Amino acid sequence: SRTPVREILRRLSTEGLVTLEPSKGYMVKRLSLEEIVEIFQAREAIEGMASGLACLRGDENFFSHVQRLKAQLEEIKIDKESDCALGVKIGRQLHEAIIKASNNSVLFEFYQKLKNLAALTRNITEKSLEIEAASKEGHIAIARALLERKEIESEKIMREHLKNTCRLLVQSYLLDRVGL
């Protein structure tokens, strides 16, 4: 029936994932350059803090999971024949594990909103070998700092990883949309 679909579209609109365009209906939101930067700035704050907290609050299951994800990341080869989606999936699992291990319900709530908005940038990252190679190295460095229980370093590396991803996304965005 149409009612559940309308409710879902209204919720997606409220979350900023779709827009209602007159005479066209609902469309997946296209992020502006400013919105991409703002999303990543917010992610730096939320996920940086979460990474530090995960070092302090993570249990043995968390650290074992991080070790497995790190090993999977180290196995991935980033080249023209590689499947970038696998690296994205493992990276997303690492970020999810960190936010859960931070054991902070407010950070978790903010992360969920940011995660949905960040999903709108994934079509850019999955097409870029440069972004995926840098992301892989960032994720491995984050995992290493977590496994060594280095709270401050973990937060710093997470922030650097997100800044670098944002910078590469902006470059890719400008190349695709503006032709610079």
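A quick note: this is a predicted structure, and the numbers were derived from the prediction, not measured.
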[atom1]-[atom2] distance between [X] and [Y], expressed to the nearest 0.5 angstrom:
X	Y	atom1	atom2	answer
Ile46	Glu109	CD1	CD	10.0 Å
Ile140	Ile157	CD1	CD1	12.0 Å
Leu169	Thr165	CG	OG1	7.0 Å
Arg92	Leu69	CZ	CG	12.5 Å
Arg149	Leu147	CZ	CG	7.0 Å
Ile39	Leu162	CD1	CG	12.0 Å

- Query: Please walk me through it: do Gln171 and Leu168 pass side chain to side chain contact (heavy atoms under 4.5 Å, CB included)?
  - Reply: CA-CA 5 Å; Gln171 286 175 353; Leu168 293 170; 3.6 Å; yes
Are [X] and [Y] close enough that some pair of their side-chain heavy atoms sits under 4.5 Å apart?
X	Y	result
Ser102	Arg57	no
His95	Arg43	yes
Leu53	Ile98	no
Phe40	Lys163	no
Cys166	Val170	yes

- Message: Closer than 4.0 angstrom, basic N to acidic O: yes or no for Lys156 and Glu160?
- Response: yes
- Cationic N near anionic O, under 4.0 Å, Glu132 to Lys77: no
- Message: Using a 6.0 Å cut-off, check whether atom CD1 of Ile152 has over 12 heavy atoms from anything other than its own residue.
- Response: no
- Is Phe110 atom CZ crowded by more than 12 heavy atoms from other residues, nucleotides or ligands, each under 6.0 Å away?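 Atom CZ in Phe110 is not crowded, with 12 or fewer foreign heavy atoms closer than 6.0 Å.
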- For the pair Arg144 and Glu148, evaluate salt bridge (Lys or Arg N to Asp or Glu O under 4.0 Å) and give the outcome as yes or no after the intermediate values. CA-CA 6 Å; Arg144 191 175 301 117; Glu148 293 172 1; 5.3 Å; no
Nearest atoms (heavy-atom pairs only) where [X] meets [Y]:
X	Y	value
Leu94	His139	CD2-O, 3.6 Å
Ala97	His65	CB-CD2, 3.7 Å
Lys136	Leu73	CE-O, 3.0 Å
Ile76	Gly87	CD1-CA, 3.7 Å
Ala143	Lys70	CB-CB, 3.8 Å
Ala134	Asn164	CB-ND2, 3.5 Å

- Apply side chain to side chain contact (heavy atoms under 4.5 Å, CB included) to Ser135 and His161, showing your working. CA-CA 7 Å; Ser135 189; His161 159 65; 3.5 Å; yes
- Query: Cut-off 3.5 Å, side chains only: do Ser154 and Glu151 have a donor facing an acceptor?
  - Reply: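 Absent: no donor and acceptor within the cut-off.
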- Worked check of side chain to side chain contact (heavy atoms under 4.5 Å, CB included) between Phe62 and Lys100: CA-CA 9 Å; Phe62 165 71; Lys100 287 176 187 168; over 6 Å; no
- Task: Ignoring hydrogens and angles, tell me if any N or O in the side chain of Ser51 forms a donor-acceptor pair with the backbone of Glu47 under 3.5 Å.
- Result: no
- Query: Could you walk me through whether Gln112 and Phe108 pass the side chain to side chain contact (heavy atoms under 4.5 Å, CB included) check?
  - Reply: CA-CA 6 Å; Gln112 292 304 317; Phe108 184 82; 3.1 Å; yes
- Item | Member of Gln41, Glu34, Glu35 meeting the side-chain contact (heavy atoms from CB on, under 4.5 Å) criterion with Val37 |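 Single pass found, and it is Gln41.
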- Flag yes if Ile142 and Leu56 sit in one hydrophobic cluster, no otherwise; membership is Ile, Leu, Val, Met, Phe, Trp, Tyr, and two members link when side-chain heavy atoms are under 4.5 Å apart.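 Cluster IDs for Ile142 and Leu56 differ.
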- Task: Run the numbers on Glu96 and Lys115 for salt bridge (Lys or Arg N to Asp or Glu O under 4.0 Å), then give the verdict.
- Result: CA-CA 9 Å; Glu96 291 276 336; Lys115 178 181 79 167; 3.1 Å; yes
- Query: Which is it for Arg167 and Glu130 under the salt bridge (Lys or Arg N to Asp or Glu O under 4.0 Å) test, yes or no, and what are the steps along the way?
  - Reply: CA-CA 11 Å; Arg167 182 182 57 76; Glu130 181 183 11; 5.5 Å; no
